[in-house]
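Written below as structure tokens is the structure these notes are about.
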Amino acid sequence: MNPTPVWLLVLSICAGVWSVPIDRNGDNQETKEEVPEENVDTGLYYDRYLREVIEVLETDPHFREKLQTANTEDIKNGRLSKELDLVGHHVRTRLDELKRQEVSRLRMLLKAKLDSTNTQSLQMDHSSLLKQFEHLDPHNQNTFEAKDLELLITTATKDLENYDAERHEEFKRYEMLKEHERREYLKGLDQEKREKEEKRMQELKEKHHQHPKVNAPGSVAQLREVWEETDGLDPKEFNPKTFFKLHDTNEDGVLDEQELEALFTKELEKVYDAKNEEDDMTEMEEERLRMREHVMKNVDANQDRLVSLEEFLKSTEKKEFSNPREWETLETKPAYTEEELQLFEVELRDKEEELKRKAENLQQQQDLLKERGKALEAQRREYQQAVLEMSQRKEQQAADGQPPAGPNGELQFQPEAPKVEDKEVKAPAELQGEAPNHLPAEPPQNLPIHT
């Protein structure tokens, strides 16, 4: 059996990477150019990290060769991670950088979660908290090792296997919420309006049921319809092998889940139209998922979430391919029971009560903050008034020649500075006393005066 692109099986079919089609027919075939696939989000919380690791690993020729020759179990079990030691230095460096970025992102998520629950972040142990994430090794937060690749592959495989079940559960809750809101809406109407609205809703429901027959997905009737209306070919010349190659859009030799789901568009358009009020596009996507699961169950023999040409051709030999049972659309199979709806409504009421309590608590805190704000504003105005009055009082006292007042209104007296006139008066008084010793004595009387 030719090697299957099992790395794409586990990761790339949902991660939306750039992939080079694998040469299955020897070296004589010309190398085909890289074909960019649509960047499809896996829905995993580590989707970006997953895709970036894939893209980096695919740049290494040795690792890429090992991927092409590996079997499904080797990849799913993480055995291929041992080849990480043989990749180039620049690839390891880039993987180390990606892991550090992912650890940093997870730390931010943890901090945001703890902040939202008012948990004291001062006591937060990042190493312990990171253990809850299974897609990387939390004990080594700086380098990307073989264990990281093994954990990433096994965790992604497990999570993707549960992804469809989670989507079905999400859809069920969506339908129950829609029914709950419909009933609550009708309760709020008076009897006349309620009867009128119920009649209108019933007419829309019946209108939705009036659609052409939906062919069973994967049947010869359904594929011939695509062959004729989408591919523009003669239905009498339908050829399964040619059909497979036409719809293997990235030419990797298999039909992945996105390529399969694209085949059901014509059938879905018989039932759903975005312009019609009675048609719900969320229900259309759930119908598309059901169709894809139906084909995978009947065609994907090795359950690798890919349909090879060999598997596809074998499915055309089965009785169900030519004479399938009529396809039952969503309206014929309710997504929930009345008991499930009642439990869901109890859950909604509990959540509403919890939100109400939180809203009341927030309102109380807001009112308290407003009261504190008002008190601070009154205090500020009081201080401003006191400062203004003190300033005016000082200005008035200065104008009246009064001594300045203290903070409590008391007068503040200052010792007077010595006046200049006192110094001028004191100077001649000193001259009336005895002359200083250094001055010459008064000359004697009656001395002859020489002319």
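Nothing fancy with the numbering, it's 1 onward along the sequence.
For the side chain to side chain contact (heavy atoms under 4.5 Å, CB included) test, residues two or more places apart in sequence or in another chain that qualify with Asn276 are Asp273, Glu278, Asp279. Scanning for side chain to side chain contact (heavy atoms under 4.5 Å, CB included) contacts around Lys351 gives Arg173, Glu347, with sequence neighbours left out. Residues satisfying the side-chain hydrogen bond (donor to acceptor under 3.5 Å, both in side chains) test with Asp148, not counting sequence neighbours, are Lys99. The side-chain hydrogen bond (donor to acceptor under 3.5 Å, both in side chains) search around Glu339 returns none, not counting sequence neighbours. Partners of Lys66 under the side-chain hydrogen bond (donor to acceptor under 3.5 Å, both in side chains) rule, at least two apart in sequence or in another chain, do not exist in this structure. With sequence neighbours excluded, the residues forming a ring pair (Phe, Tyr, Trp, His ring centres under 6.0 Å) with Phe312 are Phe244, listed by chain and number. His247 pairs by the ring pair (Phe, Tyr, Trp, His ring centres under 6.0 Å) definition with Phe243, not counting sequence neighbours. Taking Phe344 as the reference, nothing meets the ring pair (Phe, Tyr, Trp, His ring centres under 6.0 Å) condition, with sequence neighbours excluded. Remark: Arg100 engages Asp96, Glu97, Asn142 in a side chain to side chain contact (heavy atoms under 4.5 Å, CB included) (not counting sequence neighbours). Asp350 meets the side chain to side chain contact (heavy atoms under 4.5 Å, CB included) test with Val346; sequence neighbours excluded.
Here the options are Asp164, Asp256, Asp300, the test is salt bridge (Lys or Arg N to Asp or Glu O under 4.0 Å), and the partner is Arg292; only Asp164 passes.
Under a cut-off of 6.0 angstrom, the local environment of CZ in Arg372 is sparse, with at most 12 non-hydrogen atoms contributed by other residues, nucleotides or ligands. Within a 6.0 Å radius of NZ in Lys245, no more than 12 heavy atoms belonging to other residues, nucleotides or ligands are found. Under a cut-off of 6.0 angstrom, the local environment of CZ in Arg48 is sparse, with at most 12 non-hydrogen atoms contributed by other residues, nucleotides or ligands. Counted within 6.0 Å of CD on Gln101, heavy atoms from surrounding residues, nucleotides or ligands total more than 12; the atom is thus considered enclosed.
Counting only N and O atoms by type, the side chains of Tyr46 and Asp159 include a donor and acceptor under 3.5 Å apart. Using modelled atom types, one finds no donor on one side chain facing an acceptor on the other under 3.5 Å when comparing Glu198 with Gln202. Using modelled atom types and a 3.5 Å distance limit, the side chains of Glu331 and Thr329 yield a donor-acceptor pair. Side-chain contact annotation: Asn298 with His294, donor-acceptor N/O pair under 3.5 Å present. Trp227 and Gln222 share no side-chain donor-acceptor pair at under 3.5 Å.
Looking at every heavy atom in both residues, Thr59 comes nearest to Glu55 through CG2-O, 3.2 Å. Shown here for Pro217 and Phe264, the closest heavy-atom pair between the two residues is CB-CE2, 3.8 Å.
Aromatic rings from Tyr45 and His135 are positioned such that their centres are separated by under 6.0 Å.
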* **Audit row: Lys178, Glu181, salt bridge (Lys or Arg N to Asp or Glu O under 4.0 Å) steps and yes/no** => CA-CA 5 Å; Lys178 189 168 69 171; Glu181 292 177 343; over 6 Å; no
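In this structure, the side chains of Asp248 and Asn250 come closer than 4.5 Å at one or more pairs of heavy atoms. When side chains are defined from C-beta on, Thr249 does not count as touching Gln258, because their heavy atoms never get closer than 4.5 Å.
Ion pairing between a basic and an acidic side chain is recognised when a charged N comes within 4.0 Å of a carboxylate O; Glu225 and Lys266 show no such pairing. A salt bridge does not link Lys213 with Glu326: every distance from a Lys NZ or Arg NE/NH1/NH2 to an Asp or Glu carboxylate oxygen is 4.0 Å or more. Between Arg105 and Glu102 there is a salt bridge, since at least one side-chain N of the basic residue sits less than 4.0 Å from a carboxylate O of the acidic one. For Glu286 and Arg290, the salt-bridge test fails: no basic side-chain N is under 4.0 Å from an acidic carboxylate O.
Residues in residues 173-204 take part in no ring-ring contact (aromatic ring centres under 6.0 Å, His included) pair, two or more places apart or across chains.
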Donor-acceptor contacts, no H, no angles, side chain residues 379-391, under 3.5 Å, sequence neighbours left out:
unit_1	atom_1	unit_2	atom_2	d
Gln379	NE2	Tyr383	OH	3.0
Arg380	NE	Glu377	OE1	3.2
Arg380	NH1	Gln384	OE1	3.4
Arg380	NH2	Glu377	OE1	3.3
Arg380	NH2	Glu377	OE2	2.4
Arg381	NE	Glu377	OE2	3.1
Gln385	NE2	Glu389	OE2	3.2

